[in-house]
Asks: 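Quick one: this structure, given as C-alpha cells, is what I'll be asking you about.
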Amino acid sequence: MSTAMSPTYDHQRYEKKHWDAWIQGEWFHGNLASDQQAYSVLIPPPNVTARLHMGHGLNNTIQDLIIRWKRMQGFNCCWLPGTDHAGIATQMMVEQTLASEGTSSKELGREAFFARCVQWQEENGNIIIEQLKKLGASCDWDRQAYTMDAKLSRAVRKIFVDLYEAGLIYRGERLVNWDPALKTAISDDEVESREVNGSLWHIAYALEDDPHNTIVVATSRPETLLGDTAIAVHPEDERYRHLIGKRAIVPIIKRLIPIIGDQAVEPQFGTGCVKVTPAHDPNDFAMGKRHNLPAITIFTDACHLNEQCPPHLQGLERFAARKQIIDELSQLKALIEVSATRQALPFSQRSNVPIEPRLSLQWFVRMQALAEPAIAAAKDNELNFYPSQWKKTYLHWLENIQDWCISRQLWWGHRLPIWYCQSCSAVTTGMSDPSQCQACGHDELSQDEDVLDTWFSSWLWPVSTLGWPEETRDLEKFFPSQVLVTAPDIIYLWVARMVMMSYFTRGKLPFKDVYFNALICDKQGRKFSKTLGNGIDPLAIIEQYGADAVRYTCVSLAPLGGRVKMSSEDFQNGARFINKIWNAARFLLNYTAAATALEDFDEASLDLPSCWLLQSFGETSREINRLLERYQINEAVDLLYQFIWRNFCDWGLEAAKLSLEKKAPEDAAAKVQTLSVLGFVFEGLLRLAAPLIPFVCEELWQRFPAHPRWPRPASLVIAAYPDAAQLPSFPQAHQQWGRVQELISAIRSLRSQGRIPPKELLAPLVQAETKLLGILTAHSPWLASLAGLGSFSASETVETPPQQSLVATGQGWTVYLPVGSHLDLDEERKRLAQEVKRVEKIIVALAAKLGNAHFVDRAPEEVVEQSKEQLANMESQLTALQTNLRSLAR
RNA sequence: GGGCGCAUAGCUCAGCUGGUUAGAGCACUAGCCUUACAAGCUAGGGGUCCAAAGUUCGAAUCUUUGUGCGCCCACCA
C-alpha cells in the first residue's frame, strides 16, 4: 500500500497534499460545541502590504508549534488569523500605482482613492495569508479577520464613541510629529531618532533698549527664527540674568521678543541663550506654555515658508529657507560663528524624511486612566513576559504614558466618526451617521477629514476579532487568549495598548503570557532590510528545502528574546534533520511494510536496548513538555533533535539491527518485540515532532502501521501528544545499558587510536565488577555488532595486563585491547601519560575537597557521597592506567 | 543623560534551582561507500567560561566594580 520511498525526502510531493487534507478535516477550527478546554492565540496581524519575511517565519512557526502542541494535548484550539489595513503603507502603495498611471490621489478625489485602496487590498491583501499557509500555519482560517472588515470597523467606531463619551478622547492643538512628505501627523512611536552631523549657528539679536549690544543664541535651525517669540536664558546665569525682562530684536524680520528666564536652559550648552520657537520645537512649545508665549507657525503642510514670513521668503522649502536665512544673517553681520556638532534628528520611519514638529489640531486619547489596570496586571504578575525583563520596559512606558495622537491626515483607514456643525461648530458623534447637530439641531454637518491611526484598530484585536461589541459565543469561548507571540519592538505600539483596551472593554487581560521572539539578523548582526538587500526570502527557502526545514531551522536558532544571526546556508541543517527522520522511517518500513498493524510488546520480556530506548523516550517526552510549558522552545527543539538523531537512530536502530536481521524461526518472537518497540517509539517521536515539522511527520505517520498503544485518529494533527506519565518506564535498564554504551564507545575509540581497520574483529579483555560482567556477557552479540568484536574475555580482576595492549577505563570497568603489531609504543605511552595526568588532576581535586572539613560538614550528604564514589572510581582507573603504562615500559 | 541586556570552542549559541571531568550545531582533523541516510557513520582536536575583587566548603552560575558591545527610552537648542 505504501509507495516506494526515495532516499531523500521530497517535500514538494507531500506538503500540499497534507495541507489540503488538514483543511478538509477542519481540525484547525475552534469548535464552539466542544466541551474541551479552550486554548486560543491571536496572530499579530501582518500588514496587507507585507510579504512573508523570516521574522514572520519565526514568529508564526512558534505560534503554530504552540497551538499544534496544545491541540494534540486535547485542547479546543483557536489560532485567530488576520491582516491589518496598514493605513500609511497601503496609501503609499496605491499612490505609487497611481503615479505610474500618471495620476494621483488628488486628481481622483477621496472617494475614488478609497475605492482604489479597497481594490488594491482585494487583489494583494491576501498574499501574505497564502504565504502563511505554505509555512503550515494551523490557523482557524474560517475566522480570518481584517481590520477594515465591516465587523471590525464597527468595533472601531464603537470604541471611539465609548471613549469619547467617557471623556477620554479630545481634540487639541499640540505639536505633533509632522511628516512633510506624507503630509500627516505620525505617532511618537513611528519616529526614529538618528545621529547626524549638523551645525550650530551663533546668531546675534540686538537688544531693544541698547541696539549696539546683542544677545547671542546658538541654534541648529536658524530658519525657525522667523517664528521666534522669545529668547530664554537660565534664571541664575550671571552672564545674562540682568537681561531677563528686556526685549530683543529678531534679525531680518525685526520682531520684538521678550528675554525670559527658564530652568530648562542649560547654561553650559552653546552660548547659554536659546531662541524660543513654540510652533516648531517641543521644548520651546513647553516653554511657550509656561510663559504664555504666542506660537507662530511658519511652514505649510509641505514645509514651505508660509504667509507668516516676509514676502520674499514665502514658498521656500525648509532647507532652502535655512540657506537663505544664513546668507541674509551673514550679510547683516548677525552670524557670529558656525560650529560643527552631532545631533539627534527625528526621522519618519515611514517616509525617511526628517520630522517637522508642527502645531496642529489633532485628536488625542487620554491614556493615563487606561494605563492603570495594565500597570497593575504586570505588577501583580497576572501578566507575564518571556523573557521577564521586558516587564520593566513595559511598566516604564505605561508609568510615563503620554496622550496618544490618533488622527492621521490620510484617506485610507477608519474615518473619524466626528461631525462638526456648520452653524454652532459643536461636535457630534455616534454609532450611526448623524443628520443633525446634537447641540443646536442644525442639519448642516461636515465630517472630520482625518482617519484614525492604524493602531487604533489594532488595540481592539483581542476583542474585535471575536465579534465585540456583540456578546458573541466566540467571545465567550475564546476570550481571553493564552499567549501572545510577538516581537519586542511593538511592546508599546501594540502589546500594552491591547492590554489597556481589553481592560476597558472586558475588564480582563487579553492574554496571560507574552512571548517575545528573537529578532532575525544577517551574519553581521544587521537587521534584515530592503535597502541592504540582506533578507532571506522564506518562500524561496521553502521551495528549496521545504516548510519543515524552514520551521526547524528558525526555531532551533532562535533563543527566547535576543537576536539570531541567520544565513541561507543554515537551512541545510534543517533539511538534513528532516531527511534523517525520513530515512529512519525508510529503514523501519522495510520490516513493517507487510504488516497493517504492529503487535504489542511485553514489558516483562524486553531486551536491554529496547528498555533503554523506551526510557529515553519517556524522559524526552517529559522534558519537552516541561520546556514547552516554560516557553523554552528552542531548548525543547534541541532535545528533540538529540533524541531523534543520537538516541533513536544512532543507538536505538543500530542496536535493533541485530535482532531485526535475524532470519531463524526461533528468533521470530524477539524480532516482533523489537519491531514493536521501535514502531512505538518512532510513532511517539513523530508525535513529539509533529508541532514543529508537521508535514514530514504526517506523511510518515500515514505510511506507518498502527501500534496498539497509540490510538489512531484520522490525522496526526489531532493525535495525542506523548505524556510521560502514561509511558512505560525502565530507569534501571536505562542505566545499565548506558554503561554498556560507554564501554562500546571506549572500544571504538581504542580501535581508532590503534589505527585498526574497521573491519578487523577485535578480542579485548574486559575487567569489571560482577554485575556488569554478567550484563556484558549476556549482551555479547550486541558488543560484537556495535563495537566490532570477534570475541572478548571477561574477568573480575586483572593482575597483569595483556602484553602490547591499549587500555581504557570507565566507571567500574577497564578494557584492554591487545593490538600486537598495530601498537605504536611511543604514541601509546604518550597517550597514557596524558590520561594518567588527567585522572590524577581530578583525584587531587576530589581529595582536596573531601579533605576539607567544611565541605564534609556543610555540603549535602549526597554530594559528599557522590564525591567519595567518584574518588574511589578515579583511583581504580588510575591504577589500571598506571599498570598498563608500566607494562609498556622498556 | 536614563533604563535594559550581552560577553562561554574558529563561528552561532545552551548551560534558568551554585555541586561537571563546561556542552550542542556548524567549521576543522583522521578513518570508513558498514544495503535507512555520504544531506551519512565512527573517532578526534579545540575553552585561564571578558577582567578584578567579594560571598561560599564549592562560582561559568550569586554580589560589586571595571572594560567592550548591543538595544530601548529621553527635548540638550
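Because only heavy atoms are used, hydrogens play no part in the values below, and waters and symmetry mates are left out as well, while side chains stay in. Just so it is clear, the model here is predicted, and its values are computed rather than measured. Note on naming: letters A, B, ... go to the chains in the order of the sequence lines (proteins, then strands), and numbering restarts at 1 for each one.
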Asks: Between N or O atoms, less than 3.5 Å apart, protein on one side and nucleotides 73-77 of chain B on the other: list the pairs.
Replies:
unit_1	atom_1	unit_2	atom_2	d
B:rC75	O2'	A:Asn283	ND2	2.9
B:rC75	N1	A:Asn283	OD1	2.8
B:rC75	O2	A:Asn283	OD1	2.5
B:rC75	O2	A:Asn283	ND2	2.8
B:rC75	N3	A:Asn283	OD1	3.3
B:rA77	N6	A:Glu266	O	2.8
B:rA77	N6	A:Phe269	O	3.2
B:rA77	N1	A:Glu266	N	3.2

Asks: Quick one, A:Phe643 and A:Val681 - any side-chain contact, counting heavy atoms below 4.5 Å?
Replies: yes
Asks: Counting only Watson-Crick pairs (N1-N3 plus N6-O4 or O6-N4) and G-U wobbles (N1-O2, O6-N3), all under 3.5 Å, who is the partner of B:rU55?
Replies: none
Asks: The side chain of A:Lys759 is closest to which nucleotide in this list: B:rA36, B:rA43, B:rC33?
Replies: B:rC33
Asks: Could you state the CH2-P distance from A:Trp645 to B:rU42, rounded to the nearest angstrom?
Replies: 10 Å
Asks: Does atom CD of A:Glu865 have more than 12 heavy-atom neighbours from other groups under 6.0 Å away?
Replies: yes
Asks: Report the nucleotide, chosen from B:rA36, B:rA30, B:rC37, that has the shortest atom-to-atom distance to any side-chain atom of A:Arg755.
Replies: B:rA30
Asks: Between B:rG66 and B:rG3, how far apart are the P atoms? Round to whole Å, please.
Replies: 13 Å
Asks: Return the pairing partner of B:rU34 with a 3.5 Å limit on both distances, Watson-Crick or G-U wobble; otherwise return none.
Replies: none
Asks: For nucleotides 20-27 of chain B, read 5' to 3', which letter fits each nucleotide if B means a protein heavy atom sits under 4.0 Å from the base, S means only the sugar-phosphate is that close, and - means neither?
Replies: -B--SSS-
Asks: Which of these, A:Thr277, A:Thr219, A:Leu329, A:Ile298, sits in a side chain to side chain contact (heavy atoms under 4.5 Å, CB included) with A:Leu225?
Replies: A:Leu329
Asks: Provide, to the nearest angstrom, the distance between the CG atom belonging to A:Leu395 and the C1' atom belonging to B:rC4.
Replies: 13 Å
Asks: May I ask you to decide whether A:Arg703 forms a salt bridge with A:Glu699, counting only side-chain N to carboxylate O separations under 4.0 Å?
Replies: yes
Asks: Please check if the number of heavy atoms outside A:His202 that lie under 6.0 Å from its NE2 is greater than 12.
Replies: yes
Asks: Under 4.0 Å between a Lys/Arg side-chain N and an Asp/Glu carboxylate O for A:Arg739 and A:Glu742?
Replies: no
Asks: Going by atom types only, do A:Asn873 and A:Gln877 share a side-chain donor-acceptor pair under 3.5 Å?
Replies: yes
Asks: What integer number of Å spans the C1' atoms of B:rG70 and B:rA77?
Replies: 29 Å
Asks: Measure from NZ or CZ of A:Lys580 to the centre of the six-membered ring of A:Tyr641 and say whether it is under 6.0 Å with the direction within 45° of the ring axis.
Replies: no
Asks: I want to verify a distance call: between B:rA36, B:rG19, B:rA43, whose nearest atom is closest to the A:Lys657 side chain?
Replies: B:rA36
Asks: Hey, does A:Tyr386 have a side-chain heavy atom less than 4.5 Å from the side chain of A:Gln632?
Replies: no
Asks: Is there a Watson-Crick or G-U wobble partner for B:rC73 with both distances under 3.5 Å, and which nucleotide is it?
Replies: B:rG1
Asks: When you compare the side chain of A:Leu589 with that of A:Pro705, does any pair of heavy atoms fall below 4.5 Å?
Replies: yes
Asks: Is the shortest side-chain heavy-atom distance between A:Ile491 and A:Trp390 below 4.5 Å?
Replies: yes
Asks: Does A:Glu861, at its CD atom, have more than 12 non-hydrogen atoms belonging to other residues, nucleotides or ligands within less than 6.0 Å?
Replies: no
Asks: Roughly how many Å apart are B:rG19 and B:rC4, using the P atom of each and rounding to a whole number?
Replies: 27 Å
Asks: Quick one: look up who B:rA60 pairs with, Watson-Crick or G-U, both distances under 3.5 Å, and put none if it's unpaired.
Replies: none
Asks: Polar atoms only, N or O, under 3.5 Å: list the protein pairs with nucleotides 5-12 of chain B and their distances.
Replies:
unit_1	atom_1	unit_2	atom_2	d
B:rU12	OP1	A:Lys565	NZ	3.3

Asks: Suppose you measure atom P in B:rC11 against the same atom in B:rU48; what distance do you get, rounded to whole Å?
Replies: 12 Å
Asks: Rounding to an integer number of angstrom, what distance separates B:rU21 and B:rG5 when you compare their C1' atoms?
Replies: 32 Å
Asks: Using the C1' atom in both, what is the distance from B:rA22 to B:rU29, to the nearest Å?
Replies: 23 Å
Asks: Does any nucleotide pair with B:rA24 by Watson-Crick or G-U wobble geometry, both distances under 3.5 Å, and what is it?
Replies: B:rU12
Asks: Can you tell me the base-pairing partner of B:rC50? Count Watson-Crick or G-U wobble geometry only, both distances below 3.5 Å, and say none if there is no partner.
Replies: B:rG66
